[in-house]
Novice: 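Encoded as structure tokens, here's the structure I'll be asking about.
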Amino acid sequence: MTTPKAATLTIGEQSIELPLIEGTEGEVGIDISQLRAKTGAVTFDPAFGNTGACTSAITFIDGEKGILRYRGIPIDQFQKSPNFIEVAWLLIFGRLPKKDELQRFSEKLTAHAHLHEAMKHHFEGFPVNAPPMAILSAMINAMSCFDEHFGRFEDDEQIEDAAARLISRVRTIAAYSYRRTNGLPFMYPDPSLRYVANFLHMMFSMPYNQYIAEDEVDEALNLFLILHADHEQNCSTSTVRVVGSSQANLFASCAAGVGALWGPLHGGANVAVIDMLEKIRSGGLSAEKCLELAKDKNSGFKLMGFGHRVYKNFDPRAKILKAQSDKVLKKLGVQDPLLEIAQELEEAALKDQYFVDRKLYPNVDFYSGIILRAIGIPVEMFTVMFAIGRLPGWISQWREQHDDTSTRIARPRQIYTGNTLTDYTPMSER
Ligand code: CMC
């Protein structure tokens with residue numbers, strides 16, 4: 001069946017034609033950009049569940065089929081060969097890098113891994129128990145003070161320079177915030193190490209004892225980062241785009257993305273999942289009670305790591321992480337009782353009519369914490385790890401919007417439901 005070219009909307013006596021826009025995978029959108037001008041009405045779509053806010057050529061998701069592709073490449077093809085940096089370049093520049101391009105990008109990352117010494121002092125101003133997501137957001141924003149010349153980009157080379165700085169330094173900032181919380185000396189980045197190994201070195205080495213990551217740990221973390229690298233117009237990415245649409249700089253836009261990611265319904269879910277599994281393990285909550293609470297709308301409780309706005313099928317990232325968590329734990333000789341609890345909980349939920357009816361499946365956050373725990377990342381750093389992974393996605397989406405000459409400032413409308421015209425009452429008469 002061929003897709004019609006327009007939709008007809010009738011409001012009272014008036015009928016108008018609304019053009020249709022079709023994506024390369026056949027997804028159809030109704031272009032309502034002239035709706036208000038022609039009819040005076042706006043659409044009402046709180047939480048944007050039916051709103052396409054942009055066109056994008058970066059990531060494709062078919063939530064009904066459980067498909068995720070970066071620049072057309074299925075997510076499961078990233079399981080073996082590439083490293084996270086190659087995937088980052090692919091997302092930002094739209095194609096796989098050639099050998100010399102990857103080499104150049106890697107060299108830029110190495111050259112810019114260190115923080116300005118003045119930036120290091122900022123960490124001292126935070127309370128020792130400051131949430132690492134707060135530190136991350138503040139420090140990414142602070143980067144715009146040290147790299148002011150990146151306020152505007154003239155060409156791709158400048159974008160590549162800024163991306164290399166951000167992607168490289170986010171891991172230094174993350175590691176330093178962990179060191180500061182734990183009263184440990186800052187470890188400078190080691191230029192001889194690759195991306196993941198260098199991060200683990202900054203997290204876990206001591207001045208008198210170099211931490212050397214096992215290959216399995218390196219591979220598992222690399223995969224974790226790749227699986228988190230982009231997910232089209234999710235809450236934090238949309239935040240980055242909204243901020244970027246005002247022509248705020250890349251650093252300020254990504255700092256805002258960190259804030260959005262922090263919440264437990266988004267990236268913060270990876271912490272909430274472990275809290276929930278820990279409660280079950282310690283006997284404070286049973287798996288049955290957990291499902292019962294999740295089904296009770298008055299409880300305020302949700303089965304964390306389950307459900308997704310877009311996926312109405314298995315989240316392909318969760319499938320890969322589940323398979324990997326088994327493997328990684330075995331390879332590292334780690335026995336984590338939380339893995340068994342998670343598997344049992346998943347099995348029970350997938351059989352439960354409430355979850356079946358609503359098509360609720362495990363999402364990326366359900367198993368990711370098990371892997372992070374196995375490689376020694378403390379739970380308070382989990383959402384920061386998500387942010388490190390998502391950064392290439394934020395940068396690529398920001399760049400796509402920046403390069404699109406039709407971009408306008410994001411500015412939704414509202415349906416006003418407050419007082420109609422009301423006179424001011426002087427203080428003495430209230
Ligand atoms: N536990 C219990 N009920 C749920 C859950 C859940 N985890 N998720 C959705 N529902 C219910 C929801 O209450 C609604 O019920 P009803 O139709 O009776 O009103 C129904 O399922 C459909 O929900 P929805 O409209 O698909 O949900 P949403 O798109 O508004 O929210 C979500 C998506 C991810 C915020 C939600 O599923 C949730 O809160 N999950 C738990 C938190 C979580 O794991 N977040 C990580 C998301 S994936 C990674 C990321 O993006 O950061």
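Both ligands and their constituent atoms are indexed starting at 1 by order of listing.
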Novice: Heavy atoms only: which of H266, K295, R358 is nearest to atom 52 (O) of ligand 1?
Specialist: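 Looking at heavy atoms only, H266 sits closest to atom 52 (O) of ligand 1.
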Novice: Output all residues satisfying salt bridge (Lys or Arg N to Asp or Glu O under 4.0 Å) with D147, sequence neighbours left out; order by chain, then residue number.
Specialist: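 Partners of D147 by the salt bridge (Lys or Arg N to Asp or Glu O under 4.0 Å) criterion, ordered by chain and then number, come out as R165, R169.
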Novice: We want to know whether W262 and T383 form a side-chain donor-acceptor pair, criterion being a heavy-atom distance below 3.5 angstrom.
Specialist: no
Novice: If we count only non-hydrogen protein atoms and require a distance under 4.0 Å, does atom 32 (C) of ligand 1 qualify as touching the protein?
Specialist: no
Novice: Mark up the atoms of ligand 1 that fall under 4.0 Å of a heavy atom belonging to K312, in ascending order.
Specialist: 26 (O)
Novice: Select the closest option to atom 38 (C) of ligand 1 among M304, H228, K302, judged by heavy-atom distance.
Specialist: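 Nearest heavy atom to atom 38 (C) of ligand 1 lies in K302.
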Novice: Quick one: does any side-chain atom of D45 pair with a main-chain N or O of N50 as donor and acceptor, under 3.5 Å?
Specialist: yes
Novice: Counting only heavy atoms, tell me which of L293, D296, D365 gets closest to atom 49 (C) of ligand 1.
Specialist: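 Result: the heavy atom closest to atom 49 (C) of ligand 1 is in D365.
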Novice: Does L184 offer a backbone N or O that forms a donor-acceptor pair with the side chain of N182 under 3.5 Å?
Specialist: no
Novice: Counting each atom of ligand 1 from 1 as listed, which ones have a heavy atom of F386 under 4.0 Å away?
Specialist: 52 (O)
Novice: So if I count the atoms of ligand 1 from 1 in the order they appear, which ones are less than 4.0 Å from some heavy atom of G305?
Specialist: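 So the atoms of ligand 1 that pass are 43 (C), 44 (O).
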Novice: Counting non-hydrogen protein atoms only, what is the nearest one to atom 2 (C) of ligand 1? Give residue, atom name and distance.
Specialist: A294 O, 3.5 Å
Novice: Do any N or O atoms from the side chain of N363 and from the backbone of G307 form a donor-acceptor pair under 3.5 angstrom?
Specialist: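 A pair under 3.5 Å: yes.
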Novice: What part of V364 sits under 4.0 Å from ligand 1 if we count only heavy atoms: the side chain, the backbone, both or neither?
Specialist: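 Side chain only.
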Novice: I'd like to check the side chain to side chain contact (heavy atoms under 4.5 Å, CB included) partners of A197; sequence neighbours left out, ordered by chain and number.
Specialist: L193, D218
Novice: Closest heavy-atom contact between S325 and Y367?
Specialist: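 Reported closest heavy-atom pair: OG-CD2, 4.1 Å.
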Novice: So, 4.0 Å and heavy atoms of F301: is ligand 1 close enough to count as a contact?
Specialist: no
Novice: How does L265 reach ligand 1, if at all, at less than 4.0 Å between non-hydrogen atoms: by side chain, backbone, both, or neither?
Specialist: both
Novice: Strictly inside 4.0 angstrom of atom 26 (O) of ligand 1, do you find any protein heavy atom?
Specialist: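 Within 4.0 Å: yes, protein heavy atom nearby.
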Novice: Can you report which non-hydrogen protein atom sits closest to atom 4 (C) of ligand 1, along with the distance?
Specialist: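 I find the closest protein heavy atom is L360 CD1, 3.6 Å.
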Novice: How close do A162 and L250 get, counting heavy atoms only, and between which atoms?
Specialist: CB-CD2, 4.2 Å
Novice: Among all protein non-hydrogen atoms, which one is nearest to atom 29 (O) of ligand 1, and what is the separation to 0.1 Å?
Specialist: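 In this structure, atom 29 (O) of ligand 1 has R309 NE, 2.6 Å as its nearest protein heavy atom.
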Novice: Establish, from distance only, whether the side-chain atoms of T8 and E17 form a donor-acceptor pair under 3.5 Å.
Specialist: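 Yes - a donor-acceptor pair under 3.5 Å links their side chains.
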Novice: For ligand 1, which atoms sit closer than 4.0 Å to a heavy atom of A269?
Specialist: 43 (C), 44 (O), 45 (N), 46 (C)
Novice: Show the atoms of ligand 1 that are less than 4.0 angstrom away from any heavy atom in K297.
Specialist: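 Those qualifying, in numeric order: 13 (O), 15 (O), 16 (P), 18 (O), 19 (O).
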Novice: May I ask you to identify the nearest protein heavy atom to atom 41 (C) of ligand 1, giving residue, atom name and distance to one decimal place in Å?
Specialist: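 So the nearest neighbour among protein heavy atoms is F306 O, 3.4 Å.
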Novice: Quick one: look up the protein heavy atom nearest atom 34 (C) of ligand 1 and list residue, atom name and how far away it is.
Specialist: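 Scanning the protein heavy atoms, the shortest distance from atom 34 (C) of ligand 1 goes to G307 O, 3.7 Å.
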Novice: Of the protein's non-hydrogen atoms, which lies at the shortest distance from atom 7 (N) of ligand 1, and what is that distance?
Specialist: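 Minimum-distance protein heavy atom for atom 7 (N) of ligand 1 reads L303 O, 2.8 Å.
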Novice: Is it the side chain, the backbone, both or neither of Y354 that has a heavy atom closer than 4.0 Å to ligand 1?
Specialist: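 It is the side chain that touches ligand 1; the backbone stays farther off.
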